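Okay, structure first, notes after.
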Amino acid sequence: RRQMPATSTSPVVASGPPEELDGRDRPTIEEAIEEIGVGRTQLVLLVICGLTFCSDAAEVTFLSFVTEQLMCEWGLTSQQQTWITQAVFVGMVLGAPLWGVVADKIGRRPSFLASSMAICTFGFATALTQGFWSLLLVRALVGFGVAGMPVSFDILAEALPSASRGSFLLYIEFFWTFGSIYVNVCAWATLETSGWRVLTALSAIPTLVASIMGAVMLPESPRWLIEEGHEAEAVKILNQWAERNRSGKKYEGLVQPPGNHHHAGTMELFTSRKLRRNMFLMTFVWFGFGVAYFGLVLLLPRIFEESTTEAPLSLNSTALSTNVTEAASRLLHEASCELKFNFADISLSALMETVSVGIAICLIDRSGRTKTQGIMYFTGAASALVLGFRTLDIRVLTVAACVGRAAMMAASCATWVHTPELFPTSVRAEAHGILNLVSKSGAFFAQFLISDAFSQVACGGSMAAIAGIAGLAAISLPETAGAELKDELSDESGGEEETTADSAASSNEDLADDNL
């Protein structure tokens with residue numbers, strides 16, 4: 001696969017630095033990234049892209065504190081609180097397809113910078129709002145920016161060699177936990193003494209840091225550049241990466257994709273046989289993730305509230321099974337507007353999800369993407385089914401709650417890794433953005449499912465069925481562990497398309513079986 005210059009007719013004697021010798025090679029983009037390896041470059045990208053995950057968690061956690069504060073300060077009703085949350089969702093609905101198109105058509109870097117600046121700008125603007133309607137507007141615009149979060153994940157995925165991609169990508173999930181804890185600490189330090197506006201400004205700082213670092217240190221994705229025909233710029237960036245990683249490589253050019261390939265367009269996500277199949281199955285997976293994960297989050301407080309004999313719900317009894325939003329909202333004193341939050345227990349709840357990420361890291365490359373998702377979604381389904389029976393012993397419910405929450409978090413981690421590996425570079429960001437929107441739709445449906453309109457048995461059974469379908473869809477997808485990221489959509493005779501993930505599926509499945 002390497003192309004040596006025609007003048008190289010005799011053995012080369014090493015008379016110069018390694019970089020100059022290696023510069024005579026013309027590798028493919030995949031080979032170059034493999035040779036550069038993982039080092040300082042990828043760590044910097046991890047921090048920049050991870051801070052966007054941190055900011056997403058920070059913005060979500062911030063709402064759980066501020067909406068409670070504004071119930072007293074502005075006299076917000078419960079319905080208005082719901083509208084604020086739904087405004088963020090509406091912004092995500094509008095932003096998800098747009099950021100993907102921008103990333104695939106204009107570039108990863110502009111999409112990342114624009115979305116992070118939107119989160120930062122309107123995050124700070126939240127602190128300046130003077131009423132409910134202005135708050136509703138800026139939160140919708142924050143949601144619009146948050147919808148671009150998958151682009152940062154794709155940027156990191158496209159900079160990693162195949163062997164390291166799975167486990168390294170999951171390190172970004174730790175930033176989510178950091179974001180939740182960061183806001184908890186800021187709320188503890190400022191909410192009662194300085195007010196919610198100071199907390200709002202502090203919550204936007206991670207995105208500000210990500211925006212500044214991105215503007216200064218984030219390059220365009222070399223994969224996207226070579227896809228668009230900008231070889232010289234891609235080579236320049238790869239050489240900078242090689243120097244920072246001290247890989248001893250220097251490139252003068254890259255092998256261009258074969259002429260029998262063509263760029264996949266947006267419509268080919270639904271018209272190409274292989275892409276359509278992957279998109280169809282992943283839609284079930286992401287919707288199941290949204291319903292089951294957020295459904296469990298919403299169902300657990302209801303279970304433990306009905307299972308305790310004390311009138312008020314104590315966060316101490318449910319710290320491991322409630323999310324930050326529920327924990328904050330249920331600690332409002334009924335008798336007055338003096339708010340008290342148990343910050344230690346709220347932070348503990350967030351920390352527990354790091355265990356789930358650790359489980360996913362251990363399984364993602366050894367068992368493979370599909371098996372990890374299948375095992376975890378099926379485990380989550382079984383836990384949801386058990387949680388449907390509130391008459392069971394409280395200890396059984398507690399174990400099922402912890403196992404279910406951990407399983408769904410681990411399953412979602414594997415789903416995030418698997419998704420960009422299933423689609424070619426030209427539509428990767430669009431596919432990821434649309435599927436992320438599907439998960440938000442699932443989360444929205446979960447709010448309806450976990451309502452008084454359904455019994456607890458119906459809630460648990462429905463979530464179990466949906467999570468089970470997600471598991472079946474996940475194991476039906478091609479395995480991509482160790483496979484190259486696909487940069488083009490291949491055309492074969494008879495109109496059959498084949499992705500890299502499909503061509504490598506059988507060998508990777510055998511490897512995963514051996515490792516398991």
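Since we're looking at a predicted model, the values are computed, not measured.
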Next item on the list: If the plane angle is over 60° it's perpendicular, under 30° parallel, otherwise tilted; pick one for W416 and F53.
Entry: perpendicular
Using the test side chain to side chain donor-acceptor pair (under 3.5 Å), find all partners of [X] that sit at least two apart in sequence or belong to another chain.
{"X": "S152", "result": "T52"}
{"X": "S162", "result": "E30, E34, R165"}
{"X": "T419", "result": "W286"}
{"X": "S221", "result": "E158"}

Note: T370 and I475 closest approach over all heavy atoms is O-CG2, 3.6 Å
- request: For residues S211 and S116, report the shortest heavy-atom separation together with the two atoms involved.
  value: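 Taking every non-hydrogen atom into account, OG-OG, 3.2 Å.
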Assert yes or no for the condition that the ring centre distance of F289 to Y377 is strictly below 6.0 Å. no
Walk me through whether I33 and L160 qualify under side chain to side chain contact (heavy atoms under 4.5 Å, CB included).
CA-CA 7 Å; I33 290 176; L160 291 167; 5.8 Å; no
Hits for side-chain contact (heavy atoms from CB on, under 4.5 Å) against T41, two or more places apart or cross-chain, chain-then-number order -> L45, W241, R244, N245
Suppose we screen for side-chain contact (heavy atoms from CB on, under 4.5 Å). Which residues come up paired with F284, at least two apart in sequence or across chains?
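Testing F284 for side-chain contact (heavy atoms from CB on, under 4.5 Å), a comparison that skips the adjacent residues, returns F280, I469, A473.
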| request: Without swapping roles, check the side chain of R276 against the backbone of T271 for a donor-acceptor pair under 3.5 Å. | output: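 It does hold such a pair.
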### Task
Would you indicate whether the side-chain heavy atoms of E430 and W99 approach each other to under 4.5 Å?
no
Do V285 and H418 pass the side chain to side chain contact (heavy atoms under 4.5 Å, CB included) test, and can you show the C-alpha distance, the side-chain angles, and the key distance before you say yes or no? CA-CA 11 Å; V285 175; H418 198 195; over 6 Å; no
Could you walk me through whether Y171 and F168 pass the ring pair (Phe, Tyr, Trp, His ring centres under 6.0 Å) test, one step at a time?
CA-CA 5 Å; Y171 295 148; F168 196 92; 5.5 Å; yes
key: Under-4.0 Å salt bridge between E227 and R428   =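 No, no charged N to carboxylate O under 4.0 Å.
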(message) Go through it in stages, so that I can follow the logic: the residues are N278 and F423, the test is side chain to side chain contact (heavy atoms under 4.5 Å, CB included), and I'd like the CA-CA distance, side-chain angles, deciding distance and then a yes or no.
(response) CA-CA 8 Å; N278 289 347; F423 300 96; 4.1 Å; yes
### Message
For a quick check under 3.5 Å, do S439 and Y293 share a side-chain donor-acceptor pair by atom type?
### Response
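There is no such pair between these side chains.
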